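Treat the numbers as computed from the prediction; the structure is a model and nothing was measured.
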Amino acid sequence: DGIRHCPDGDDEKLCDITKCPDVCLCFVYTTVCYNLQSLSQVHQWQLYSVKNLVLHNGSLQLTADDLQLFENVLFMDFSHNSISDICHIMENNNKYLFFSLKALLKLTLSNNQIECLLKECFTGLASLLKLQLDNNTISFIRVRSFSGLLNLQELNLSSNKLHSLQKGIFHDLTSLKRLHLMNNPIKTVDSRIFNEMNLNQVITDDHKICCYGKEIPALICSAKKSFI
């Protein structure tokens with residue numbers, strides 16, 4: 001009837017916890033599944049009550065239509081799934097991949113095969129607070145890749161293949177407080193990379209970032225002193 005009767009404020013269709021699928025483990029509002037090939041396998045279970053969705057060790061091919069069913073999920077962990085493309089737009093309806101996940105607070109895409117981040121890659125994630133992209137093969141980040149992430153507070157780009165940090169790639173992250181950049185083969189860094197940002201902490205082992213980030217309150221620099 002549109003009136004919130006559930007203890008967590010959800011409407012009736014989200015109250016009932018459905019039967020846990022055989023390939024998953026379910027703990028109240030958390031569902032953990034392994035070795036899935038696509039999200040369509042999860043759709044049939046009608047997991048309306050899930051708030052924390054963890055899918056590991058599969059070969060997921062993500063689409064905007066598949067993700068749309070999980071618009072009420074708050075935490076998503078798609079680590080270890082051989083995901084390579086998260087920035088495509090569906091040509092038939094111009095949908096960005098994450099357009100429907102407006103409630104999502106944390107997205108984990110660690111240990112996949114993501115190679116680059118393109119313009120407006122994360123459109124739709126207006127509430128996102130934490131984004132985990134560590135242990136991929138990201139070598140290039142286009143300006144405005146993070147457009148729309150106005151509430152993001154923590155970004156992890158450690159253990160990728162970033163060769164350069166150009167001015168403007170973090171410009172849209174006005175709420176960012178913590179940035180992880182450990183273990184990247186960075187060759188060039190724009191001296192204005194942190195201009196107009198409100199960072200509290202940067203974790204890095206690159207001496208160039210250590211120099212340009214001296215004004216950051218809690219700069220954690222692991223670079224050898226001889227290079228600083």
Criterion side chain to side chain contact (heavy atoms under 4.5 Å, CB included) against Leu101, the qualifying member of Val73, Asn72, Leu107, Leu125: Leu125
Hydrophobic clusters here meaning ILVMFWY residues chained together by side-chain heavy-atom distances under 4.5 Å, can you tell me if Ile203 and Ile193 are in one? no
Are the side chains of Tyr29 and Asn52 in touch, meaning some heavy atoms are under 4.5 Å apart? no
Within a 6.0 Å radius of atom NZ on Lys102, are there more than 12 heavy atoms belonging to other residues, nucleotides or ligands? yes
Do Cys87 and Cys116 have their SG atoms less than 2.5 Å apart? no
With Asp190 via salt bridge (Lys or Arg N to Asp or Glu O under 4.0 Å) - residues at least two apart: Arg192
Under the criterion side-chain hydrogen bond (donor to acceptor under 3.5 Å, both in side chains), I'd like the reasoning laid out for Asp77 against Ser79: C-alpha separation, chi angles, the key distance, then a yes or no. CA-CA 6 Å; Asp77 184 347; Ser79 301; 2.6 Å; yes
Check whether more than 12 heavy atoms from other residues, nucleotides or ligands sit under 6.0 Å from atom NE2 of His80, and answer yes or no. yes
Do Phe170 and Met182 share a hydrophobic cluster, counting only Ile, Leu, Val, Met, Phe, Trp and Tyr and linking them when any side-chain heavy atoms are less than 4.5 Å apart? no
So with a 6.0 Å cut-off around CD of Gln37, is the heavy-atom count from everything else above 12? yes
Let me see the working for Tyr212 and Ile209 under side-chain contact (heavy atoms from CB on, under 4.5 Å), right down to the final yes or no. CA-CA 5 Å; Tyr212 297 138; Ile209 299 175; 6.0 Å; no
To which residues is Leu74 joined in a hydrophobic cluster, defined by side-chain heavy-atom contacts under 4.5 Å among Ile, Leu, Val, Met, Phe, Trp and Tyr, whether direct or through other members? Phe75, Leu105, Leu129
Report, as yes or no, whether the 6.0 Å neighbourhood of atom NZ on Lys177 holds more than 12 heavy atoms from other residues, nucleotides or ligands. yes
So Phe194 and Leu179, do their side chains get closer than 4.5 Å, heavy atoms only? yes
Minimum heavy-atom distance between Arg178 and Leu199, given as atom pair plus value: N-CD2, 4.0 Å
Side-chain heavy-atom pair Ile83, Phe78 within 4.5 angstrom cut-off: yes
Check: residues 135-143 side-chain donor-acceptor pairs under 3.5 Å, at least two apart:
from: Asn136; atom 1: OD1; to: Asn112; atom 2: N; distance (Å): 3.2
from: Asn136; atom 1: OD1; to: Gln113; atom 2: N; distance (Å): 3.3
from: Asn136; atom 1: OD1; to: Ile114; atom 2: N; distance (Å): 3.1
from: Asn136; atom 1: ND2; to: Leu109; atom 2: O; distance (Å): 3.0
from: Asn136; atom 1: ND2; to: Leu133; atom 2: O; distance (Å): 3.0
from: Asn136; atom 1: ND2; to: Asp134; atom 2: O; distance (Å): 3.4
from: Thr137; atom 1: OG1; to: Ile114; atom 2: O; distance (Å): 3.2

Can you tell if the side chain of Asn198 reaches within under 4.5 Å of the side chain of Ser175, non-hydrogen atoms only? no
Using a 3.5 Å distance criterion without hydrogens, assess whether the side chain of Asn184 forms a donor-acceptor pair with backbone atoms of Leu157. yes
Rounding to 0.5 Å, atoms CD1 (Ile169) and CG (Leu165) come to a distance of 4.5 Å
If every non-hydrogen atom of Leu176 is compared with every non-hydrogen atom of Met197, which pair is closest and at what distance? CD2-CE, 3.9 Å
Could you go through Leu67 and Leu97, starting from their C-alpha distance and side-chain angles, then the distance that decides it, and tell me whether this counts as side-chain contact (heavy atoms from CB on, under 4.5 Å)? CA-CA 8 Å; Leu67 287 172; Leu97 183 61; 3.8 Å; yes
Nearest 0.5 angstrom please: Cys210 SG to Asp205 CG, how far? 8.0 Å
Is there a donor-acceptor pair under 3.5 Å between the side chain of Lys161 and the backbone N or O of Glu115? no
Rounded to the nearest 0.5 angstrom, the OG-CG distance for Ser127 and Asn151 is 6.5 Å
Kindly determine whether Leu131 and Leu152 satisfy side-chain contact (heavy atoms from CB on, under 4.5 Å), including the steps that lead there. CA-CA 8 Å; Leu131 177 58; Leu152 193 71; 3.9 Å; yes
With no hydrogens and no angle check, do the side chains of Asn156 and Ser158 hold a donor and an acceptor under 3.5 Å apart? yes
List for me each residue that meets ring-ring contact (aromatic ring centres under 6.0 Å, His included) alongside Phe146, sequence neighbours excluded, and say none if there are none. Phe122
How far does CG of Asn160 sit from CG of Leu181, to the nearest 0.5 angstrom? 9.5 Å
So how far is it from Leu55 CG to Asn81 CG, rounded to the nearest 0.5 Å? 6.5 Å
Short side-chain to backbone donor-acceptor contact, Ser145 and Leu117, under 3.5 Å: yes
Anything under 30° is parallel, anything over 60° is perpendicular, the rest tilted; go ahead and classify His56 against Tyr34. perpendicular
Quick check on Glu154: does its CD atom have over 12 non-hydrogen neighbours (other residues, nucleotides or ligands) under 6.0 Å away? yes
Which ILVMFWY residues are connected to Leu118, directly or by a chain of links, through side-chain heavy atoms under 4.5 Å apart? none
Report the residue from Leu155, Leu128, Thr174 that forms a side chain to side chain contact (heavy atoms under 4.5 Å, CB included) with Leu149. Leu128
Would you give the length of the straight line joining atom CG of Asp66 to atom CG of Leu60, rounded to the nearest 0.5 angstrom? 9.5 Å
Short side-chain to backbone donor-acceptor contact, Thr108 and Ser110, under 3.5 Å: no
Please list all pairs passing the salt bridge (Lys or Arg N to Asp or Glu O under 4.0 Å) test where one or both residues lie in residues 164-176, with sequence neighbours left out. Arg144-Asp172
Does Thr30 form a side-chain contact (heavy atoms from CB on, under 4.5 Å) with Val28? I'd like the steps, not just the answer. CA-CA 6 Å; Thr30 296; Val28 191; over 6 Å; no
